[in-house]
Amino acid sequence: MDKIKITFPDGSSKEFEKGTSAYKIAESISPRLAEEALAVEMNGIIKDLHAPLSANAIVKFLTFDDEHGKEVYWHSTSHLMAHAIQEIYPEAKFGVGPAIETGFYYDVDINSNLTEDDLKKIEGKMSELTKENNSFVRQDLSKSEAIKFFEKKGDNYKVEILSEIDENSEDISIYKEGNFTDLCRGPHLPSTGKIKYIKLLSISGSYWRGDEHNKQLQRIYGVSFPKKKMLDEYLQRLEEAKKRDHRKLGRDLELFFISQSIGSGLPVWLPRGTILRETLENYLREEQRKRGYEPVITPHIGNINLYKTSGHYPYYKDSQFPPIKLDDGKEEYLLKPMNCPHHFQIYLSKPRSYRDLPIRYAEFGTVYRYEQSGELNGLTRVRSFAVDDSHMFVRQDQLKDEVCNVIELIQVVFSQMGFKEFTTQLSFRDDNVDKYGGDVALWEKAQQEIKEAADKMNLTYYVAEGEAAFYGPKIDFMVKDALGRKWQLGTVQIDYVMPERFNLEYTGSDGQKHRPVVIHRAPFGSLERFIGVLIEHYAGEFPLWLAPVQAAVIPISQNYIDYGKSVYESLKRRNIRAEFDERNEKIGYKIRDWENHKVPYMLIVGEKEQAAQNVSVRQHKKGDLGSLSLSDFIDNIETEIKNKITTTN
RNA sequence: GCUGAAGUAGCUUAGUGGUAGAGCAGCUGAUUCGUAAUCAGCAGGUCGAGGGUUCAACUCCCUCCUUCAGCUCCA
């Protein structure tokens, strides 16, 4: 019998008979590994544990702790769910059912609409099926065999998928588990018994192949875990995320609200939210001032011709508010969907020299976009929002440095806000010529510049083809909110198209006219979305420099109102955002109330404090810090505010 | 825009065809209090809007609006 040599991640190796399954190898190492292993990585390729090894290989066993192990686990659970659905709804047809970042889904076509109760039924059936502990059995077959199989089964979606697979470049396989068979490239768990704790989470519609012209299938989301504790923790995290929801906190903390009397997707900033927003704006203004930006202000509407010139109008006709027509019908104005054309007019307002560049115009410009009703979501997806916009006009030879400077600014801003984790995406064009304006050669150049800048600034990024703006490639910065949804915040975009369309020029040292390059950039993206994400990031517990109310002064009883008031006024004189709580309530009540409002400091004053002319300091979530003279407290808190100390939780 | 779910007081919510109930918040009064809820009282609702069925509709049916979970979209 031939022997093969198997090498493990720790470098050790062992010989086995050729054809030994990965599972047997795991068993030979330890029963526990055989129990926990979900799949195996052979020379970097993930395979079933059943798979026999026919040659020397580097082998790594994947458990639930590995990202890819989880993926296999959830993928198999989605198959198990399909099995359960088929048992309950024999007429069901299946679309696709992949693992996702957390959990899995399956798109199904069933005649009746599923309800929450049906989910419980399916969940119950799944548990039943796990007890059968059926093996996942792989079978490779030809394209025509596979098509014949699924035609017979009536799974026309699978047939459609198969018909588009090139069998020369890809193996076609099916997996059978009990009496359920699905088209799948695998790999899968050894058997359904590995799936222990299952929770089906939600149902929603989803278009077949993501095309809104296609039939809408029902998508069932779920998640599963090998240990009960993991499921409990997951569900608890969901609860925690709900508490952090910026829509709830926005209301509780009186930051903003959205009134139907004003309109959907048109958020209104309450006094406390406005303080937060203005603090962020002022912070960015200062950072920009240091970096040579010049503030400008432009109107909220503009002649429609601006947008016809820019090329935005035909591209985005459907997602802007309809034009305002003047009496003679000849002139039309648009609520501005972006600020760039206005800023270009400022550039054009006088002749420019190469010595003037780079020019950096900055504006917190409010823009209006008619987003689809189903898209609106709290502050993160709205119809009116302020972009922390800047348009920078640079010479080609300045471009890369300027992009690097912008990346540096965004890094500074994100780190100040305590976003330790964010992802960076380079959004490039794809082959769809109609989607983009401008010259392909210029695009290539711009994409190259962006990549070089990203490398120089040590960004870790991935390239997303087809995600570019119509006028140029961009770098997008995204962070995740409390519910794990990704949001695009900051963006840097290179634009060779608009300068052409608006005929932007400068006079070079050679006396000739040259075309500047435009950089569009916004570190926050939009104030609305940024603050929405920030609220969830901090769970409403803002660092002192951002907190709308920084300190609450609380007298023990009505007898100390005068002293309390003098403390409060001292704070106000030093520009500390303080509130004075003179309500006729017990101290415990008021402390609870301000704790719930997540106010960083409470100053409690009673007989002792009045006598010693000091304050008793209580910090949010930390409790009583003891007494401090008022001037020491103010000095401390001023330093903390000035240094913008950011604590993340 | 599409699919599904939901809409009762400022907030959280009870109420399956027979006069809408509570807690918190608010207001008034009492209490003058030492680190997460003092007591009592008062007020607050065309039950999302419109139409229909019925002797009678928060409740059943239809249409619309809004919100939520996704999908599609996102300058």
Side-chain angles (χ1 to χ4, degrees), chain A residues 105 107 113-116 118 201-221 242 245 247-248 251-252 254 257-261 263-265 307 310-313 315-316 318-320 336-341 367-378 380-383 387 389 467-472 474 476 483 485 487-488 491 493 495 498 520 522 525-526 529 554-561 583-596 602-609 616-627:
Chain A
Y105 69 79
D107 287 345
N113 282 322
L114 295 171
T115 64
E116 298 283 323
D118 295 325
L201 297 164
S202 63
I203 324 158
S204 65
S206 111
Y207 301 105
W208 169 236
R209 316 209 100 177
D211 185 336
E212 61 182 318
H213 303 293
N214 284 343
K215 179 162 181 180
Q216 200 161 40
L217 310 179
Q218 299 189 70
R219 175 172 294 181
I220 305 173
Y221 285 90
K242 258 189 212 160
D245 191 316
R247 292 165 299 192
K248 178 177 156 44
R251 193 173 53 226
D252 293 350
E254 297 177 48
F257 83 115
I258 294 170
S259 157
Q260 288 321 305
S261 309
S264 291
Y307 300 95
S310 72
H312 286 104
Y313 191 67
Y315 277 94
Y316 301 106
D318 294 337
S319 55
Q320 49 210 16
K336 67 175 169 185
M338 69 285 300
N339 300 303
C340 22
V367 298
Y368 301 87
R369 299 177 189 175
Y370 190 74
E371 303 290 355
Q372 296 185 60
S373 61
E375 275 310 323
L376 302 176
N377 181 288
T380 47
R381 201 67 195 276
V382 289
R383 285 177 173 162
V387 182
D389 223 343
E467 293 293 316
F470 80 87
Y471 51 74
K474 47 183 187 167
D476 292 323
L483 293 164
R485 294 173 295 206
W487 293 103
Q488 184 195 311
T491 182
Q493 313 178 350
D495 184 355
M498 300 286 174
H520 309 241
S526 94
R529 178 177 292 178
I554 311 174
I556 294 277
S557 81
Q558 303 281 307
N559 296 331
Y560 311 104
I561 282 196
R583 288 176 297 179
N584 185 4
E585 292 289 350
K586 291 175 85 163
I587 189 72
Y589 176 91
K590 293 198 263 193
I591 286 171
R592 182 182 153 79
D593 199 40
W594 290 108
E595 284 285 349
N596 286 337
M602 286 172 234
L603 300 183
I604 292 149
V605 294
E607 193 177 351
K608 282 183 289 182
E609 290 73 17
S616 173
V617 181
R618 186 191 162 99
Q619 193 175 7
H620 175 58
K621 286 178 97 180
K622 296 218 169 87
D624 194 352
L625 301 184
S627 304

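Order of the sequence lines sets the chain letters (A, B, ...), proteins ahead of strands, with each chain counted from 1.
Comparing B:G1, B:A75, B:A69 by their closest approach to the side chain of A:S202 singles out B:A69.
The side chain of A:Q260 places an N or O atom within less than 4.0 Å of a non-bridging phosphate oxygen (OP1 or OP2) of B:U67. Of the side-chain N and O atoms in A:S319, none sit less than 4.0 angstrom from OP1 or OP2 of B:C74. Between A:R247 and B:A69 there is a side-chain N or O to OP1 or OP2 distance below 4.0 Å. OP1 and OP2 of B:C2 both lie 4.0 Å or more from every side-chain N or O belonging to A:S206.
For the residue pair A:E609/A:Y560, the side-chain donor-acceptor check at 3.5 Å is not satisfied. For the residue pair A:D495/A:H520, the side-chain donor-acceptor check at 3.5 Å is satisfied.
Counting atom types as modelled, A:R369 pairs no side-chain N or O with a base atom of B:C73 as donor and acceptor under 3.5 Å. A donor N or O paired with an acceptor N or O is not found under 3.5 Å between the base of B:C11 and the side-chain atoms of A:R251. A donor-acceptor contact under 3.5 Å is not formed by the side chain of A:Y207 with the base of B:G70. Between the side chain of A:S204 and the base of B:A5 there is no donor-acceptor pair of N/O atoms closer than 3.5 Å.
The separation between A:K590 atom NZ and B:A25 atom P is 14 Å, rounded to whole Å. Computed from coordinates, the A:K248 NZ to B:C24 C1' distance equals 12 Å when rounded to whole Å. Distance, A:I220 CD1 to B:A5 C1': 15 Å, rounded to whole Å. A straight line from CZ of A:R219 to P of B:C2 spans 19 Å, rounded to a whole angstrom. When the P atom of B:U67 is taken as reference, atom CD1 of A:I258 falls 8 Å away, rounded to whole Å. When the P atom of B:A69 is taken as reference, atom CD of A:Q216 falls 16 Å away, rounded to whole Å. With rounding to whole Å, A:L201 atom CG is found 18 Å from B:A5 atom P. Atoms NE2 (A:H213) and P (B:U3) sit 15 Å apart, rounded to a whole Å.
A gap of 11 Å separates the C1' atoms of B:G26 and B:A9, to the nearest Å. Taking atom C1' on both nucleotides, B:A14 is separated from B:U59 by 14 Å, rounded to a whole Å. Nucleotides B:A49 and B:C11 are separated by 15 Å at their P atoms, to the nearest Å. Across B:C71 and B:U12, the matching P atoms stand 25 Å from one another, rounded to whole Å. Here the separation of B:U46 from B:A20, taken at their P atoms, is 13 Å to the nearest Å. Atom P of B:G29 sits at a distance of 41 Å from the matching atom of B:U67, rounded to the whole Å. Rounded to whole Å, the separation between the P atoms of B:A37 and B:A25 comes to 12 Å. Separating the P atom of B:G10 from that of B:A5 is a span of 28 Å, rounded to the nearest Å.
Within the 4.0 angstrom heavy-atom criterion, base atoms lie near A:S557. Counting non-hydrogen atoms under 4.0 angstrom, A:L376 reaches the backbone sugars and phosphates but no base. The residue A:S310 sits apart from the nucleic acid: no heavy atom pair falls under 4.0 Å. In this structure, A:Y221 reaches the sugar-phosphate backbone alone: every heavy-atom distance under 4.0 Å involves primed, P, OP1 or OP2 atoms, never a base. Note on A:Q218: nothing from the nucleic acid sits closer than 4.0 angstrom, heavy atoms only.
A salt bridge between A:E467 and A:K474 is absent, with no side-chain N of the basic residue lying under 4.0 Å from a carboxylate O of the acidic one. Salt-bridge annotation for A:R209 and A:D211: absent, with no side-chain N of the basic residue lying under 4.0 Å from a carboxylate O of the acidic one.
When both pairing distances are held under 3.5 Å, B:U59 makes no Watson-Crick or G-U pair with any nucleotide shown. Figure legend. B:G44 is base-paired to no nucleotide; pairs are counted as Watson-Crick or G-U wobble with both atom distances under 3.5 Å. For B:A30, the paired nucleotide is B:U38, the pair qualifying as Watson-Crick or G-U wobble because both relevant distances are below 3.5 Å. Searching all strands for a Watson-Crick or G-U wobble partner of B:A5 with both distances below 3.5 Å returns B:U67. Both distances falling under 3.5 Å, in either a Watson-Crick or a G-U wobble arrangement, occur for no nucleotide opposite B:U19.
Both A:G606 and A:R383 lie near RNA chain B, and the one whose nearest nucleotide falls closer to the 5' end is A:R383. Toward the 5' end of RNA chain B, the nearer of the two residues A:Y368 and A:G374, judged by each one's closest nucleotide, is A:G374.
Atom-to-atom distance recorded for A:I604:CD1 and A:D624:CG is 6.5 Å, nearest 0.5 angstrom.
Using a 4.5 Å heavy-atom cutoff, the side chains of A:V617 and A:M602 are not in contact. Looking only at side-chain heavy atoms (C-beta outward), A:Y368 and A:P337 stay at 4.5 Å or farther from each other.
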How far apart are the C-alpha atoms of A:E595 and A:R618, what are their side-chain angles, what is the distance that settles it, and do they pass the salt bridge (Lys or Arg N to Asp or Glu O under 4.0 Å) test?
CA-CA 10 Å; A:E595 284 285 349; A:R618 186 191 162 99; 2.9 Å; yes
In B/S/- notation (B base, S sugar-phosphate only, - none; protein heavy atoms under 4.0 Å), nucleotides 35-40 of chain B written 5' to 3' is BBBB--
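By the 6.0 Å and 45° rule, A:R383 stacks over the aromatic ring of A:Y370.
Partner A:S206 forms a side-chain hydrogen bond (donor to acceptor under 3.5 Å, both in side chains) with one of A:Q218, A:R219, A:Q216 and no other, that one being A:R219.
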